[in-house]
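Since the structure comes first, as structure tokens, the remarks are kept for the end.
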Amino acid sequence: FDVDAARATAGVPDPTVVRGMPKVGGHLHDIVSCNFSHSGELLLTASRDGQAKIWAWSASRSSAASSASRTVRDSKSWKLQRVLTTSADAEALRQQARARRAPVVYAMEQAVWTLDDRTVVAAMSDFTIRVWEAASGMLTHTLRLHTNKVHVVQCHPHDPRLVFTAGHDGRVAVW
């Protein structure tokens, strides 16, 4: 049995050439989801730190000094383009002020792109669905229906206006 031939026909890369891609920055807590945009130009990461980050694949120049000469290399890496954060709700802030606690940062459970890559939809640990404009990073909607964690967020495959959610509360919603 020829392992190399089997790998080549199955499209499995040679483990010696698989490498991590360089990136800058990261999240402060566990990353819970990671998705390429439909165009393939952007990457969306969501974290329990309450943030989603949009990364763009871009070229950067680096120089390395050697004894003989100085070389300049062009390399590509994921560069942070935008951070999507959750603003605290006014009612949640009032409740926390009454309890004399610092504002809570709600964890992001999952984040996805809509079909047109213009919008990011996320399920939050406060059982809400949050919607941002990807280009501006502006939070446009906070949707409330679920009474427990949302474990499914799926965007419609043909209509970027529709999103499906399902939660541990047994509720299913089409937004």
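Numbers here are sequence positions counted from 1. Note that the coordinates shown come from a computational prediction; the quantities given were computed from them, not determined experimentally. Side chains included, hydrogens not; waters and symmetry mates left out as well; all remaining heavy atoms used.
- The backbone N or O of His29 sits nowhere less than 3.5 Å from a side-chain atom of His27 that would complete a donor-acceptor pair.
- Test Pro157, Cys155, Pro160 against Leu115 for side-chain contact (heavy atoms from CB on, under 4.5 Å) and you get one pass: Pro160.
- Across Trp132 and Ala122, no two heavy atoms sit closer than the pair CZ3-CB, 3.5 Å.
- Under a hydrophobic clustering in which Ile, Leu, Val, Met, Phe, Trp and Tyr are joined whenever their side-chain heavy atoms come within less than 4.5 Å, directly or via other members, Ile31 and Met108 fall into different clusters.
- Both Val174 and Val152 belong to a single network of hydrophobic side chains, linked directly or stepwise wherever heavy atoms of I, L, V, M, F, W or Y lie under 4.5 Å apart.
- Looking at Leu145 and Arg171, their side chains come closer than 4.5 Å, going by heavy atoms from C-beta outward.
- We find that Lys53 and Asp49 are not joined by a salt bridge, their nearest charged nitrogen and carboxylate oxygen being 4.0 Å or further apart.
- Nearest heavy-atom pair across Lys79 and Ser58 is CG-OG, 2.8 Å.
- Residues Lys149 and Phe127 form a side-chain contact, since some pair of their non-hydrogen atoms from C-beta on lies under 4.5 Å apart.
- In this structure, the side chains of Arg130 and His141 stay at 4.5 Å or more apart for every pair of heavy atoms.
- Arg48 pairs by the salt bridge (Lys or Arg N to Asp or Glu O under 4.0 Å) definition with Glu109, not counting sequence neighbours.
- From Thr147, atom OG1 reaches atom CG of Asp169 across 4.0 Å, with rounding to the nearest 0.5 Å.
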**Message:** Would Trp55 and Thr45 count as a side chain to side chain donor-acceptor pair (under 3.5 Å) here? Give the steps.
**Reply:** CA-CA 8 Å; Trp55 307 83; Thr45 57; 3.0 Å; yes

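- When the side chains of ILVMFWY residues are joined at heavy-atom separations under 4.5 Å, either directly or via intervening members, Met124 and Leu84 end up in a single hydrophobic cluster.
- Taken together through direct or relayed side-chain contacts under 4.5 Å among Ile, Leu, Val, Met, Phe, Trp and Tyr, Val112 and Leu162 form parts of separate hydrophobic clusters.
- Minimum heavy-atom separation, Ala52 to Leu44: CB-CD1, 3.9 Å.
- In plain terms, the two heavy atoms of Ala111 and Val120 that are nearest each other are CB-CG1, 4.2 Å.
- Contact of the Thr165 side chain with the His146 side chain is registered, since non-hydrogen atoms from C-beta on lie closer than 4.5 Å.
- For the pair Leu42/His38, no side-chain contact is recorded, criterion being any heavy-atom separation below 4.5 Å from C-beta on.
- The backbone N or O of Arg144 sits nowhere less than 3.5 Å from a side-chain atom of Thr128 that would complete a donor-acceptor pair.
- Within a 6.0 Å sphere centred on CD of Glu133, heavy atoms belonging to other residues, nucleotides or ligands number more than 12.
- No side-chain heavy atom of Trp175 sits under 4.5 Å from any side-chain heavy atom of Val153.
- The closest side-chain heavy-atom distance from Thr142 to Leu139 is below 4.5 Å.
- Put simply, the side chain of Arg82 gets close to the backbone of Ala134: a donor and an acceptor are under 3.5 Å apart.
- Under the 3.5 Å distance criterion, the side-chain polar atoms of Ser33 are left unmatched by any main-chain donor or acceptor of Gln110.
- In terms of the side-chain hydrogen bond (donor to acceptor under 3.5 Å, both in side chains) criterion, His168 has no residue partners (sequence neighbours excluded).
- For Arg161, the salt bridge (Lys or Arg N to Asp or Glu O under 4.0 Å) partners at least two apart in sequence or on another chain are Asp159.
- Side-chain contact between Leu43 and Asn35 is absent, with no heavy atoms from C-beta onward closer than 4.5 Å.
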